[in-house]
2 protein chains.
Amino acid sequence: MTGIRRLAQHLDISIGTVSRALNGRPDVNEETRRKVLEAATELGYVPNQSGRSLRQGTTNIIGFMMQTGTEITGQGDTFFMSVFDGVQTVFARHHLDLVALLCSSEEDPDDYLRRVVARGFADGLILSATQRHDPRFEFLATRKIPFVTLGRSLTDVGQPWLDLDFEGMAQTSIDRLVAKGHRRIAVTRPHDDVNLGHLFVDQSAKALAAHGLALDPGLIFSSKPNEAGGYHVAQQLLTMKDRPTAILLVNETIAIGFYRGLSEAGLKPGRDIAVIGRQSPQSHFLSPSLTGFTLSRRDLGIALAEALLATMPAFSHFYPDVEPRKVWPEDLVEGESDAFSLPT
Amino acid sequence: MTGIRRLAQHLDISIGTVSRALNGRPDVNEETRRKVLEAATELGYVPNQSGRSLRQGTTNIIGFMMQTGTEITGQGDTFFMSVFDGVQTVFARHHLDLVALLCSSEEDPDDYLRRVVARGFADGLILSATQRHDPRFEFLATRKIPFVTLGRSLTDVGQPWLDLDFEGMAQTSIDRLVAKGHRRIAVTRPHDDVNLGHLFVDQSAKALAAHGLALDPGLIFSSKPNEAGGYHVAQQLLTMKDRPTAILLVNETIAIGFYRGLSEAGLKPGRDIAVIGRQSPQSHFLSPSLTGFTLSRRDLGIALAEALLATMPAFSHFYPDVEPRKVWPEDLVEGESDAFSLPT
DNA sequence: CATAGTCCCGTAAACGTTTACGGTGGCCGA
DNA sequence: TCGGCCACCGTAAACGTTTACGGGACTATG
């Protein structure tokens with residue numbers, strides 16, 4: 001005799017009642033419910049997830065898909081981890097388990113997702129590293145699997161998303177730099193087709209246009225979103241005749257490499273070039289201090305989880321008024337890296 | 001009519017035969033098996049994992065537990081990801097799904113593991129960030145859950161493990177540095193109780209002793225295993241009166257921060273101090289080039305997976321002669337960072 | 001022809017839940 | 001007294017598999 005049956009026998013009660021008691025159904029006497037819960041802890045009963053899944057066609061698992069090709073992050077080691085933390089705290093409240101689905105760099109993300117879905121692995125998914133055109137969206141939509149994405153895409157199947165505020169970042173950065181007399185402003189973007197890069201470049205161009213300036217295509221640097229990428233950007237920049245006087249770094253970690261590349265040539269951010277980037281735990285150790293945007297990654301994760309739950313019928317009533325799509329605000333932390341200004 | 005039943009009906013055959021055909025049982029006519037497989041792809045049948053799990057008490061999932069407190073890695077962003085890749089390729093052969101279980105920095109790893117196990121989540125586990133004394137081992141052993149650890153521990157319940165070759169690294173490093181005239185050799189270690197730190201320090205002391213030298217306790221630097229940690233180590237080192245002339249960096253990423261900390265004070269690895277570390281994708285962009293150890297992370301992952309499977313009854317016959325415990329060799333890549341030598 | 005053996009297949013139970021359905025007993029109002 | 005309602009509980013089916021068991025058809029052997 002195992003499982004719920006054992007509990008029932010021990011209490012001389014039917015298994016139906018035990019199940020109802022454990023699941024918080026209303027049609028069970030509070031006194032018997034108390035006894036059931038007591039016996040459950042006493043006997044160390046934990047419900048069998050397979051049985052439950054089989055019966056109600058739900059796994060209680062949410063998957064957070066990341067790609068190792070982007071070095072799990074592309075935003076610095078801790079970025080996704082903090083977001084993950086936030087997501088996890090929300091799901092824990094609903095007894096949902098969160099796991100990370102790491103798609104190898106050698107496997108096609110679309111194939112990987114197909115496998116995950118075919119297996120009926122998760123009740124819902126969180127997607128990151130969203131591409132400019134992302135086939136995964138349509139796939140999940142036709143399978144009617146709830147999902148939310150961290151990052152917009154041109155592909156739109158009506159799913160909720162959260163994203164960074166590239167418009168805001170570009171605008172305040174550009175305004176700030178133009179006010180300091182800069183005209184030749186460079187911009188970095190990840191080398192792959194992740195949508196983030198497109199957005200940031202577009203918004204930067206827009207912000208420049210507001211000042212009657214154009215974004216020089218020669219000043220758009222594609223790089224891997226990691227330290228090495230930043231280092232390369234610096235090297236490219238050093239070889240230019242008509243060097244930009246300011247640069248925007250969209251990814252977090254590349255600032256590290258960029259600083260190093262610069263310093264090897266004897267250049268210094270804030271003195272020889274104005275740099276605006278994104279804050280990260282690592283960037284606090286940069287010198288001169290980085291002027292950059294910051295956001296609460298944990299809160300971002302929480303919002304991501306809530307947006308997903310709001311679309312899942314079983315949980316939506318908990319989150320009646322969640323904005324399904326939202327651009328996440330960032331604050332600018334002023335440092336010394338953009339102190340460099342030009343006479344006007 | 002759903003699932004296997006639908007297939008059976010479509011072929012006018014019993015569900016038992018269908019199941020046997022799909023699972024590669026011998027007692028089924030090859031001709032009917034062919035038909036079944038054909039129909040399966042035609043109808044897009046995929047077995048329901050819940051049903052299967054319920055029946056045979058197995059989930060076909062392997063969990064790779066990592067901790068976000070150590071910034072998923074503590075070894076640099078890509079370390080675990082490459083290992084993960086290797087593990088995944090092995091498991092894919094056996095139709096096992098690998099997921100990452102990320103324990104939040106705010107949650108106790110032991111509690112987290114308890115939850116995972118109670119839920120019956122995985123058939124097997126891979127543990128990383130092994131502590132010097134690790135309660136998780138005993139817990140899993142009593143629950144009879146197959147697991148393998150990346151890293152040794154003083155806690156030993158007979159489980160297989162793989163680990164880095166700290167003895168080898170310490171010995172070749174020390175020998176090399178002593179041969180260059182160094183006597184005051186510093187060592188870094190992670191600030192927490194992860195076993196790796198203890199081992200590396202111990203082995204370094206042993207290697208020094210072989211030359212009649214002692215490891216000065218004042219030359220053991222505890223640091224976070226990331227860039228910031230390396231930066232701090234450099235800062236600490238700079239304030240010392242009797243500075244060491246050489247240093248061993250056990251973690252991969254800390255070299256980055258260490259270099260930066262040094263260069264801010266006008267010091268240079270290889271000229272003012274000898275540095276030996278560990279190679280990483282990022283370290284290739286260090287200048288002067290790093291002398292450091294390297295290993296095939298992917299192969300490490302493969303070995304890890306095989307070690308686990310060898311202990312699981314259902315798979316052990318595939319891996320009859322896998323060494324259950326193994327120290328993973330590393331090669332030294334010579335760079336310029338340890339060029340600094342002393343007159344003897 | 002009888003017997004044993006082999007190959008293949010069908011039947012049905014079992015895994016641990018959830019839940020629709022119906023039933024019992026008590027209470028209340030007419 | 002009786003019908004109806006309510007609160008609570010028991011029964012049993014269902015979810016989709018796997019697998020032990022047995023049986024039928026055929027072949028080989030005596």
Side-chain angles (χ1 to χ4, degrees), chain A residues 1-37 39-40 43-61 94-97 117-121 123 313-314, chain B residues 1-37 39-40 43-61 94-97 117-121 123 313-314:
Chain A
M1 195 67 66
T2 61
I4 210 173
R5 216 154 241 116
R6 197 161 93 90
L7 223 50
Q9 174 174 299
H10 181 254
L11 292 167
D12 197 27
I13 220 181
S14 85
I15 61 167
T17 305
V18 174
S19 174
R20 279 188 292 262
L22 292 173
N23 291 25
R25 288 289 146 94
D27 55 345
V28 49
N29 190 307
E30 281 306 322
E31 171 62 12
T32 57
R33 186 195 306 279
R34 195 189 54 71
K35 281 195 207 149
V36 169
L37 291 178
L43 300 189
Y45 167 78
V46 306
N48 178 302
Q49 182 60 37
S50 300
R52 182 176 281 184
S53 294
L54 180 59
R55 174 61 215 244
Q56 48 190 21
T58 175
T59 65
N60 274 2
I61 299 179
H94 301 284
H95 300 286
L96 289 168
D97 290 317
V117 169
R119 200 179 179 307
F121 194 90
D123 293 346
Chain B
M1 196 65 67
T2 60
I4 211 174
R5 219 154 240 116
R6 197 161 94 89
L7 265 187
Q9 175 174 298
H10 180 255
L11 292 167
D12 197 26
I13 219 180
S14 84
I15 60 167
T17 306
V18 174
S19 174
R20 280 188 291 262
L22 292 172
N23 290 24
R25 288 287 148 94
D27 55 347
V28 49
N29 190 306
E30 281 306 323
E31 171 62 14
T32 57
R33 186 196 307 279
R34 195 189 52 71
K35 281 195 208 150
V36 169
L37 292 177
L43 300 190
Y45 167 79
V46 305
N48 178 301
Q49 182 59 39
S50 301
R52 183 176 278 183
S53 295
L54 180 59
R55 176 59 218 244
Q56 48 190 21
T58 173
T59 65
N60 274 3
I61 298 178
H94 301 284
H95 301 285
L96 289 168
D97 290 317
V117 169
R119 202 181 177 306
F121 194 88
D123 293 345

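Letters A, B, ... mirror the listed sequences (proteins, then strands); counts begin at 1.
Under the side chain to side chain contact (heavy atoms under 4.5 Å, CB included) criterion, A/Asp27 pairs with A/Arg20, A/Arg25, sequence neighbours left out.
Applying the 4.0 Å criterion to OP1 and OP2 of C/dG16, one finds that A/Gln49 has every side-chain N and O outside that range. Within the structure, a side-chain polar atom (N or O) of B/Gln56 is placed less than 4.0 Å from OP1 or OP2 of D/dT19. Considering only side-chain N and O atoms, B/Thr17 lies nowhere under 4.0 angstrom from the phosphate OP1 or OP2 of C/dC9.
Atom CG in B/Leu43 sits 5.0 Å away from atom CZ in B/Arg6 (nearest 0.5 Å). For the atom pair B/Asp123 CG and B/Ser53 OG, the distance stands at 7.5 Å (nearest 0.5 Å).
When each of B/Gly16 and A/Gly16 is assigned the nucleotide of DNA chain C bearing its nearest heavy atom, the one mapping closer to the 5' terminus is B/Gly16. Ranked by how close their nearest DNA chain D nucleotide is to the 5' end, A/Pro26 and B/Ile15 are led by A/Pro26.
In the set C/dC8, D/dC8, D/dT17, the nucleotide with an atom closest to the side chain of B/Asn48 is D/dT17. Closest contact between the side chain of A/Asp27 and the listed nucleotides D/dG10, D/dC8, D/dC15 involves D/dC8. Closest to the side chain of B/Arg25, out of C/dT19, D/dT19, C/dG10, is D/dT19. Considering only the side chain of A/Pro47, C/dT17 comes nearest among D/dC9, D/dT19, C/dT17. Nearest to the side-chain atoms of A/Val28 among the listed nucleotides D/dC9, D/dT17, C/dC9 stands D/dC9. For B/Asn29, the side-chain atoms get nearest to C/dC8 when compared with the rest of D/dC15, C/dG10, C/dC8. Residue A/Tyr45 has its side chain nearest to C/dT17 when only D/dT17, C/dT19, C/dT17 are considered.
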Under 3.5 Å for both distances, Watson-Crick or G-U wobble, that's the pair rule; now give the dot-bracket for DNA chain D, with | marking pairs to another strand and [ ] for crossing ones. ||||||||||||||||||||||||||||||

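Following rounding to the nearest Å, A/Arg33 (CZ) and D/dC8 (C1') show an atom-to-atom distance of 12 Å. Taking atom CZ on B/Arg52 and atom C1' on D/dT19, their separation rounds to 13 Å, with Å as the unit. Computed from coordinates, the A/Arg20 CZ to C/dT19 P distance equals 10 Å when rounded to whole Å. Residue B/Asn60 contributes atom CG, which lies 14 Å from atom P of D/dT17 at whole-angstrom precision. Separating the CG atom of B/Leu54 from the C1' atom of D/dA14 is a distance of 12 Å, rounded to the nearest angstrom. For B/Lys35 and C/dC8, the NZ to P distance is 13 Å, given to the nearest whole Å.
At a threshold of 4.0 angstrom between heavy atoms, the contacts of A/Ser50 with the nucleic acid are absent. Using a 4.0 Å heavy-atom cutoff across all strands shown, A/Val18 reaches no nucleic acid atom at all. Within 4.0 Å of B/Ser53, counting heavy atoms only, lies no atom of the nucleic acid at all.
Each of A/Leu11, A/Asn29, A/Val28 was checked for a side chain to side chain contact (heavy atoms under 4.5 Å, CB included) with A/Thr17, and the lone residue meeting it is A/Val28.
No side-chain heavy atom of B/Leu96 sits less than 4.5 Å from a side-chain heavy atom of B/Ile61. Put simply, the side chain of B/Arg52 reaches to within 4.5 Å of the side chain of B/Asn60, judged on heavy atoms. A/Thr59 is not listed as a side-chain neighbour of A/Phe121, based on a closest heavy-atom distance of 4.5 Å or more.
Contact detail for A/Ala8 and A/Ile15: the closest heavy-atom pair is CB-CG2, 3.6 Å. In plain terms, the two heavy atoms of A/Met1 and A/Gln9 that are nearest each other are CE-OE1, 3.2 Å. B/Ser50 and A/Leu54 get closest at one heavy-atom pair: CB-N, 3.7 Å.
Residues from residues 1-13 of chain B lying near DNA chain C, meaning a heavy-atom separation below 4.0 Å, are B/Ile13 in numerical order.
With a 6.0 Å radius and a threshold of 12 heavy atoms from other residues, nucleotides or ligands, B/Arg33 has its CZ atom above the threshold.
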